[in-house]
Protein chains: 2
Amino acid sequence: MEKTIPGSTAPSGTLDLRVWVRLLDCAKIIEKRLRRNFEDQFSTTLPRFDILATLDRAPDGLRMGELSRALLVSNGNVTAIVRQLQEQGLVSSYTDPEDARSAIVSLTPNGRVQFAVLAEAHHGWVREALADFPEDSQRQLLTLLTQLKTSIL
Amino acid sequence: MEKTIPGSTAPSGTLDLRVWVRLLDCAKIIEKRLRRNFEDQFSTTLPRFDILATLDRAPDGLRMGELSRALLVSNGNVTAIVRQLQEQGLVSSYTDPEDARSAIVSLTPNGRVQFAVLAEAHHGWVREALADFPEDSQRQLLTLLTQLKTSIL
DNA sequence: GTCGATTCCTGCAGGCATAAAGTTTCTTTC
DNA sequence: GAAAGAAACTTTATGCCTGCAGGAATCGAC
């Protein structure tokens with residue numbers, strides 16, 4: 001039995017558990033900051049931004065299923081968020097002419113403009129969050145995380 | 001047909017953005033797996049487990065505020081989850097004798113037993129998730145993540 | 001003491017996430 | 001071609017999470 005300081009995350013424990021806890025902590029801290037910034041400065045949310053970002057990389061639009069797979073979220077979830085973006089005029093959707101089951105979603109011209117603004121702000125926040133973390137360490141971390149992602153898939 | 005595989009994240013971009021996206025991806029993938037396992041095998045959830053885990057490290061119990069700070073979640077959120085755990089008889093709470101504003105929450109004996117079971121399963125899932133990721137890489141990753149967490153605080 | 005500010009917690013509205021069930025539209029099979 | 005099956009999407013039920021409003025208790029400055 002090891003006593004630990006309440007409030008801090010496991011300073012001891014097995015290696016794999018410690019890696020996981022640290023990973024989750026870092027992700028949560030940064031994600032929380034981004035979410036707050038999106039809300040405060042643009043009255044929007046991270047999930048909405050994620051959808052816009054994914055669509056921005058797909059000039060021809062994407063089907064709902066492609067969107068949900070790209071974002072690692074459930075299918076039914078995308079439905080509601082896309083509808084909101086649609087009501088705001090940022091995305092448009094039309095029925096796939098080759099498969100009436102699918103709707104193809106893409107950015108509107110206005111959506112593309114709005115996204116550019118959001119993306120720049122988003123990048124600034126991330127840059128700011130990682131500002132004190134040396135570039136060389138970032139490179140190492142990126143390499144390790146890429147390997148990790150491959151190994152857990 | 002595709003310039004980018006829909007399920008993969010930005011192959012190009014600036015270093016800091018790529019680090020952040022990879023970090024988030026890895027965290028999401030593993031977290032999703034854990035959540036599913038908790039639901040399937042124990043009909044419980046990751047947040048509930050997190051609370052039990054935090055309380056398990058605090059023999060004398062914690063106040064609600066300490067819990068929410070340790071878990072990086074909002075104060076009002078802890079209220080509902082603790083109530084559920086209370087209804088299941090896993091935790092108990094009493095008013096702090098030194099400050100009647102605070103309630104002190106702690107594991108019940110049964111809660112401690114249940115947590116031990118969950119913790120072992122949880123550890124197994126994490127170990128399994130990281131099984132293909134070399135121990136040496138894990139060590140490097142842990143070091144980098146620890147530095148990262150410090151630098152973003 | 002007592003008034004005001006602060007702290008701790010709970011309640012509530014709104015948003016995102018999942019799983020599971022339900023619809024509509026292909027596709028396969030005969 | 002018609003029925004069985006699969007696929008894409010939506011809907012529904014449930015749960016977590018945040019921010020904010022509000023009540024109760026405490027602390028501080030008179």
Side-chain angles (χ1 to χ4, degrees), chain A residues 7 24 27-29 31-52 54 61-88 91 93-105, chain B residues 6 24 27-52 61-88 91 93-105:
Chain A
L24 190 57
K28 270 192 183 172
I29 291 169
E31 186 175 9
K32 185 172 293 193
R33 229 174 267 185
L34 293 180
R35 177 173 1 190
R36 182 181 195 90
N37 285 336
F38 272 122
E39 176 61 36
D40 288 352
Q41 300 184 27
F42 297 101
S43 293
T44 188
T45 65
L46 193 49
R48 289 197 256 244
F49 173 76
D50 284 341
I51 287 185
L52 295 180
T54 305
L62 290 174
R63 292 178 303 163
M64 299 292 276
E66 292 177 318
L67 255 182
S68 75
R69 276 188 297 278
L71 296 171
L72 303 176
V73 301
S74 70
N75 213 329
N77 184 13
V78 174
T79 300
I81 304 182
V82 164
R83 185 170 41 227
Q84 295 173 347
L85 293 173
Q86 219 166 346
E87 287 164 359
Q88 296 181 326
V91 310
S93 80
Y94 58 93
T95 303
D96 184 344
E98 300 186 349
D99 187 341
R101 293 172 302 181
S102 294
I104 293 182
V105 183
Chain B
L24 189 56
K28 268 192 185 173
I29 292 169
I30 298 178
E31 185 175 9
K32 186 174 294 193
R33 228 173 268 184
L34 293 180
R35 176 173 2 189
R36 177 187 278 268
N37 286 337
F38 271 122
E39 175 62 35
D40 289 352
Q41 300 184 27
F42 296 102
S43 293
T44 187
T45 65
L46 193 49
R48 290 198 259 248
F49 173 76
D50 283 342
I51 286 185
L52 295 180
L62 290 173
R63 293 178 302 164
M64 300 291 276
E66 292 176 317
L67 257 181
S68 77
R69 276 189 297 277
L71 297 171
L72 303 175
V73 301
S74 70
N75 215 329
N77 185 14
V78 174
T79 301
I81 304 181
V82 164
R83 183 173 45 227
Q84 295 173 347
L85 293 173
Q86 219 166 345
E87 287 165 359
Q88 296 181 327
V91 310
S93 79
Y94 60 93
T95 302
D96 185 344
E98 299 186 349
D99 186 342
R101 293 171 303 180
S102 295
I104 293 182
V105 183

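Residue numbers begin at 1 in each chain, while the letters A, B, ... track the order of the sequences.
- Mapped onto DNA chain D by nearest heavy atom, A:R35 and A:G65 fall at different nucleotides, with A:G65 at the one closer to the 5' end.
- For the pair B:M64 and B:K28, both in contact range of DNA chain C, the more 5′-proximal nearest nucleotide belongs to B:M64.
- B:Y94 places its OH atom 17 Å from the P atom of C:dC8, with the value rounded to the nearest Å.
- A heavy atom closer than 4.0 Å to some atom of DNA chain C occurs in B:N75, B:G76, B:T79, B:R83, these being the qualifying members of residues 74-84 of chain B.
- Rounded to an integer number of Å, the gap from B:I51 CD1 to C:dC9 P is 13 Å.
- Here the side chain of A:R63 is nearest to one of D:dC9, C:dC8, C:dT18, namely D:dC9.
- In terms of phosphate contacts, B:R36 brings a side-chain nitrogen or oxygen within less than 4.0 Å of OP1 or OP2 of C:dA19.
- Side-chain N/O atoms of B:R101 and base N/O atoms of D:dA24 include no donor-acceptor pair closer than 3.5 Å.
- In this structure, the side chains of B:F38 and B:T44 come closer than 4.5 Å at one or more pairs of heavy atoms.
- At least one side-chain nitrogen or oxygen of A:S102 sits closer than 4.0 Å to the OP1 or OP2 atom of D:dC9.
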**Item:** Stepwise side chain to side chain contact (heavy atoms under 4.5 Å, CB included) test for B:Y94 and B:I104
**Value:** CA-CA 5 Å; B:Y94 60 93; B:I104 293 182; 3.7 Å; yes
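- Both B:I104 and B:E39 lie close to DNA chain C; mapped to their nearest nucleotides by heavy-atom distance, the more 5′-ward contact belongs to B:I104.
- Counting heavy atoms from C-beta outward, A:L67 and A:V73 have side chains that stay 4.5 Å or more apart.
- Counting to the nearest Å, the P atom of C:dA17 and the CG atom of A:L71 are 9 Å from each other.
- Using a 4.0 Å heavy-atom criterion, one finds that B:D99 contacts the sugar-phosphate atoms exclusively.
- The distance from atom CD of A:E31 to atom C1' of C:dC16 is 11 Å, rounded to the nearest whole Å.
- No side-chain heavy atom of A:R36 sits under 4.5 Å from any side-chain heavy atom of A:R33.
- At a threshold of 4.0 angstrom between heavy atoms, the contacts of B:L72 are confined to the sugar-phosphate backbone, with no base atom among them.
- In this structure, B:E98 atom CD and C:dT7 atom C1' are separated by 16 Å, rounded to whole Å.
- Put simply, B:R48 has no side-chain N or O that comes within less than 4.0 Å of OP1 or OP2 on D:dG15.
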